[in-house]
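The structure appears right after this line, and notes come after that.
Quick note on labels: first sequence line is chain A, next is B, and so on, each numbered from 1.
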Amino acid sequence: MDYGKERVVALVDMDCFYVQVEQRLNPALRNTPCVVAQYKTWKGGSIIAVSYEARAHGVTRNMWVDDAKKLCPDLQVARVRESHGKADLTHYREASVEVIEVMSRFAVIERASIDEAYMDLTAAVQQRWKNMPDQQINPCLLRTTYIQGYPQSGQEPSADDDSSQVDDSIMDKEQRRSIGVQQWLASSSIGEQNSAEMQLTVGALIVEEMRAAVEKHTGFRCSAGISHNKVLAKLACGLNKPNRQTVLPLDSVAELFSTLPISKIRNLGGKMGASITETLGVANMGDLTQFSQAQLGQHFGEKTGF
DNA sequence: CATTAACATATC
DNA sequence: GATATGTTA
């Protein structure tokens, strides 16, 4: 197995989780611009979760409710329960347990926060692959999956149709997604069996099923990233939200990194990322390839991952 | 007072 | 084990 492709790792992240919990409880909040806010006295309270409808109006986390209402006059506001004058998140913790229970049927999970969990799917993928008689995957089983880097421009979506081109101007996002999956399946099934690419695809299949089970049993929707390690899975998860999942093959990383700000990588969003950018005078992840491991280790210490 | 709370890791 | 620091949502 190629270096860096040993495992299949996924990160599942609930979409605006606190909002979904309140929407399940109060149907009047569903499919509307709404937020969850804590405390009431100062500027209407501070916002800790935002529905995607409200995001479309420019409402963000940690905005004051009074300010958000200016951007979105019909914004609905759910309040965090308060006990002893403090925000009480028990409600959301209990909903989190419901989700974790369903996910745990599919794999051993590592709870990363109240609304996200990592999982190593390597063993589950091997099992599943073994039990797939024709070892083929129907693209309709990857209904909500994006393959990062696909479709590749200048390639045809199918072997017997050499007239079609990948044309953004006439294709909507769903059509493009679907063509990308087809192209990926066509190109990753040739070559060695059970390749790293095929393992990611089987991982995506398992995560599709896991996410469907979570929605069926809890009513909550989520997004996911599937790749070879936790950092890439987390990055992938953010590429197509909400209610979608993204496979990030190692071969698509270089192109993605070429325009990706260093601050977008988990744990580099703060002082560490700023110090890298400052010290080396570079902006994007891809720029880091011009430095040797020794150079990077020199300035950014052994303890911090170099 | 005006995010705030949770979580992980480093340090004493 | 407590405390400080960093990071995230």
(Q) What verdict does the side chain to side chain contact (heavy atoms under 4.5 Å, CB included) test give for A:Leu248 and A:Ile147, after you've listed the backbone C-alpha separation in whole Å, the side-chain angles of each residue and the deciding distance to 0.1 Å? (A) CA-CA 6 Å; A:Leu248 177 50; A:Ile147 312 295; over 6 Å; no
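A:Asn62 comes within 4.0 angstrom of a base, heavy atoms only. Residue A:Tyr39 is classed as a sugar-phosphate contact, given heavy-atom separations below 4.0 Å to backbone atoms only. At the heavy-atom level, A:Lys43 lies nowhere under 4.0 Å from the strands shown. Using a 4.0 Å heavy-atom cutoff across all strands shown, A:Leu268 reaches sugar-phosphate atoms only and no base atom.
For A:Leu89, counting side-chain heavy atoms from C-beta on, the closest listed nucleotide (B:dA5, B:dA2, C:dT7) is B:dA5. With B:dT4, B:dA2, C:dT7 as the choices, the nucleotide that has an atom nearest any side-chain atom of A:Met272 turns out to be C:dT7. Ranking B:dT4, C:dT7, C:dA9 by closeness to the A:Arg61 side chain, first place goes to C:dA9. Checking B:dA5, B:dA2, C:dT7 against every side-chain atom of A:Trp42, the shortest atom distance belongs to B:dA2.
OP1 or OP2 of C:dT8 has not a single side-chain nitrogen or oxygen of A:Lys264 nearer than 4.0 Å. Listed pair A:Arg93 / B:dA6 meets the phosphate criterion, a side-chain N or O lying under 4.0 Å from OP1 or OP2. Phosphate proximity of B:dC7 to A:Arg111: present, with a side-chain N or O under 4.0 Å from OP1 or OP2. For A:Lys271, no side-chain nitrogen or oxygen approaches OP1 or OP2 of C:dT7 to under 4.0 Å.
Taking the six-membered ring for Trp and thresholds of 30 and 60 degrees, A:Tyr18 and A:Tyr92 have nearly parallel ring planes, at less than 30 degrees apart.
Remark: the separation of the P atoms in B:dC1 and C:dA9 is 30 Å, to the nearest Å. The gap from the P atom of B:dA2 to that of C:dT8 amounts to 23 Å, rounded to the nearest Å.
Counting heavy atoms of neighbouring residues, nucleotides and ligands inside a 6.0 Å radius, atom CD of A:Glu278 does not exceed 12 of them.
Computed from coordinates, the A:Phe300 CZ to B:dT9 P distance equals 21 Å when rounded to whole Å. Rounded to an integer number of Å, the gap from CD1 of A:Ile114 to C1' of B:dA8 is 17 Å. In this structure, A:Glu110 atom CD and B:dC7 atom P are separated by 13 Å, rounded to whole Å. To the nearest angstrom, C1' of B:dA8 lies 13 Å from CD of A:Glu116. The separation between A:Leu235 atom CG and C:dT8 atom C1' is 15 Å, rounded to whole Å. In this entry the distance linking CG of A:Asp115 with C1' of C:dA9 reads 7 Å, nearest Å. For A:Ile265 and C:dT7, the CD1 to P distance is 14 Å, given to the nearest whole Å. Spacing between atom NZ of A:Lys86 and atom C1' of B:dA6 amounts to 13 Å, rounded to whole angstrom units.
Of the candidates A:Gln23, A:Gln76, A:Glu53, A:Gln76 is the only one forming a side chain to side chain donor-acceptor pair (under 3.5 Å) with A:Thr32.
The backbone N or O of A:Trp129 lies less than 3.5 Å from a partner atom in the side chain of A:Gln135, making a donor-acceptor pair.
Comment: A:Glu98 engages A:Arg24 in a salt bridge, judged by a side-chain N to carboxylate O separation of less than 4.0 angstrom.
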